[in-house]
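For clarity, every value in this text was computed on a predicted model and none was experimentally measured. Numbers here simply count residues along the sequence, with the first being 1.
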Amino acid sequence: MHLSGFPLPAGGFREDSNRYFLRTSLFKSTMKEIARDLERILEDFLHTDLLSKDWTYKAGPNKWSKKEIIGHLIDSAQINLQRFVRSTYSENFTLTYDQVEWVDAQHYISAEIEELLELWRLLNRQIIRVLENYPTRRLQIQSDTGKTGVCFQTVEYLAHDYVNHLNHHLKAIELVENSSQR
């Protein structure tokens, strides 16, 4: 019996609340860790000799230039920022994009690389801010990311996936640079 005179829930209120607080603490810690990883990747990349790169180089006729890859990462940041923000107050929404069409429509190839890098940096700074302060009560919220069918993903999955996707493309920029110098 609880002090209020009402019976404790099965499993005990204290046990249930301890599990809840542990889950939310782990989630908050995970989101802050993802934000730190994103910040580290961003800073590491931005502190390389970016202006010495050949940003218009394409590895093949159907490949993006490095500049277009940064443009694609800008698009990815915009979409994922919307997903993270909308997930703080909504759920089960659909938000997708057609990456090739977006890169083509925005003419990244003709943009100044300094402008693209600054836009990309600022979008990622905002994502970091959102992830660091993500509300723990929204930890199980999902959104549909599927283009051809329903594909629900949790916010935590989307945050991890965003960082992995970003890392993949930044490494590809470095690999293309190395292979073009051989």
Q: Linking Ile, Leu, Val, Met, Phe, Trp and Tyr by side-chain heavy atoms under 4.5 Å, what else ends up with V150?
A: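 Under the 4.5 Å side-chain rule, V150 groups with F152.
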Q: Could I get the full list of side-chain contact (heavy atoms from CB on, under 4.5 Å) partners for R40, not counting sequence neighbours?
A: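 Per chain and number, R40 pairs via side-chain contact (heavy atoms from CB on, under 4.5 Å) with D37, D44.
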Q: Inspect the surroundings of NZ in K63 and state if more than 12 heavy atoms from other residues, nucleotides or ligands are less than 6.0 Å away.
A: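 It does not: K63 NZ has 12 such atoms or fewer within range.
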Q: Does the side-chain contact (heavy atoms from CB on, under 4.5 Å) test come out yes or no for D144 and C151, once each step is laid out?
A: CA-CA 5 Å; D144 177 12; C151 182; 4.2 Å; yes
Q: Tabulate below the donor-acceptor pairs under 3.5 Å that side-chain atoms of residues 68-91 make, not counting sequence neighbours, or state none.
A:
unit_1 : atom_1 : unit_2 : atom_2 : d
E68    : OE1    : K58    : NZ     : 3.2
E68    : OE1    : S65    : N      : 2.7
E68    : OE1    : S65    : OG     : 3.3
H72    : NE2    : H165   : NE2    : 3.0
H72    : NE2    : H169   : NE2    : 3.4
D75    : OD1    : Q106   : NE2    : 2.8
D75    : OD1    : Y108   : OH     : 2.5
S76    : OG     : N80    : ND2    : 3.3
N80    : OD1    : R83    : NH1    : 3.3
N80    : ND2    : S76    : O      : 2.9
R83    : NE     : L95    : O      : 3.2
R83    : NH2    : L95    : O      : 2.6
S87    : OG     : R83    : O      : 2.8
T88    : OG1    : V85    : O      : 2.6

Q: State the CG-CD distance between L38 and E43, to the nearest 0.5 angstrom.
A: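 Here the rounded value is 10.0 Å.
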Q: From K53 NZ over to L117 CG, what is the distance, rounded to the nearest 0.5 angstrom?
A: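 Answer for the NZ-CG pair, K53 versus L117, is 10.0 Å.
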Q: According to side-chain hydrogen bond (donor to acceptor under 3.5 Å, both in side chains), who are the partners of E39, at least two apart in sequence or on a separate chain?
A: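 For E39 the side-chain hydrogen bond (donor to acceptor under 3.5 Å, both in side chains) partners, ignoring immediate neighbours, are R125.
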Q: List in chain and number order the residues that pass side-chain contact (heavy atoms from CB on, under 4.5 Å) with E115, two or more places apart in sequence or in another chain; answer none if no residue qualifies.
A: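 side-chain contact (heavy atoms from CB on, under 4.5 Å) list for E115, sorted by chain: E112.
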Q: Test of understanding: with side-chain hydrogen bond (donor to acceptor under 3.5 Å, both in side chains), list the residues that count as partners of Q99, not counting sequence neighbours.
A: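 Q99 satisfies side-chain hydrogen bond (donor to acceptor under 3.5 Å, both in side chains) with no other residue.
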Q: For D49, check side-chain hydrogen bond (donor to acceptor under 3.5 Å, both in side chains) against everything at least two apart and list the hits.
A: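 Checked D49 against side-chain hydrogen bond (donor to acceptor under 3.5 Å, both in side chains); matches are S52.
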Q: To the nearest 0.5 Å, what is the distance between CG (D98) and CG (D104)?
A: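 Output value for this atom pair is 11.0 Å.
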Q: Tell me every residue that passes salt bridge (Lys or Arg N to Asp or Glu O under 4.0 Å) with R121, counting only those two or more places apart in sequence or in another chain.
A: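 Once residues adjacent in sequence are excluded, the partners of R121 under the salt bridge (Lys or Arg N to Asp or Glu O under 4.0 Å) criterion are E118.
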Q: Could you state the interatomic distance from CG (L123) to CD1 (I128), rounded to the nearest 0.5 Å?
A: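 Between L123 CG and I128 CD1, I get 11.0 Å after rounding to 0.5 Å.
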Q: Suppose we screen for side-chain contact (heavy atoms from CB on, under 4.5 Å). Which residues come up paired with H160, at least two apart in sequence or across chains?
A: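 For H160 the side-chain contact (heavy atoms from CB on, under 4.5 Å) partners, ignoring immediate neighbours, are T30, I34, E156.
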Q: Apply side-chain contact (heavy atoms from CB on, under 4.5 Å) to residues E114 and L50 and explain how you reach the verdict.
A: CA-CA 9 Å; E114 294 88 351; L50 295 173; over 6 Å; no
Q: So, using side-chain contact (heavy atoms from CB on, under 4.5 Å) as the criterion, who are the partners of I41 when residues are at least two apart?
A: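 Once residues adjacent in sequence are excluded, the partners of I41 under the side-chain contact (heavy atoms from CB on, under 4.5 Å) criterion are V163, L166, N167, L170.
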Q: Taking all heavy atoms of E132 and all of A35, pick out the closest pair and write down the distance.
A: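 Minimum heavy-atom separation between E132 and A35: CG-CB, 3.6 Å.
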Q: Hey, mind stepping through F45 and N124 against side-chain contact (heavy atoms from CB on, under 4.5 Å) and telling me if it holds?
A: CA-CA 12 Å; F45 184 75; N124 278 285; over 6 Å; no
Q: Taking side-chain hydrogen bond (donor to acceptor under 3.5 Å, both in side chains) as the test, write out the residues that go with T96, two or more places apart.
A: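 For T96 there are no side-chain hydrogen bond (donor to acceptor under 3.5 Å, both in side chains) partners, ignoring immediate neighbours.
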Q: Return the set of residues passing ring pair (Phe, Tyr, Trp, His ring centres under 6.0 Å) with Y97 (not counting sequence neighbours), or none when no residue passes.
A: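 Here the qualifying residues are W102.
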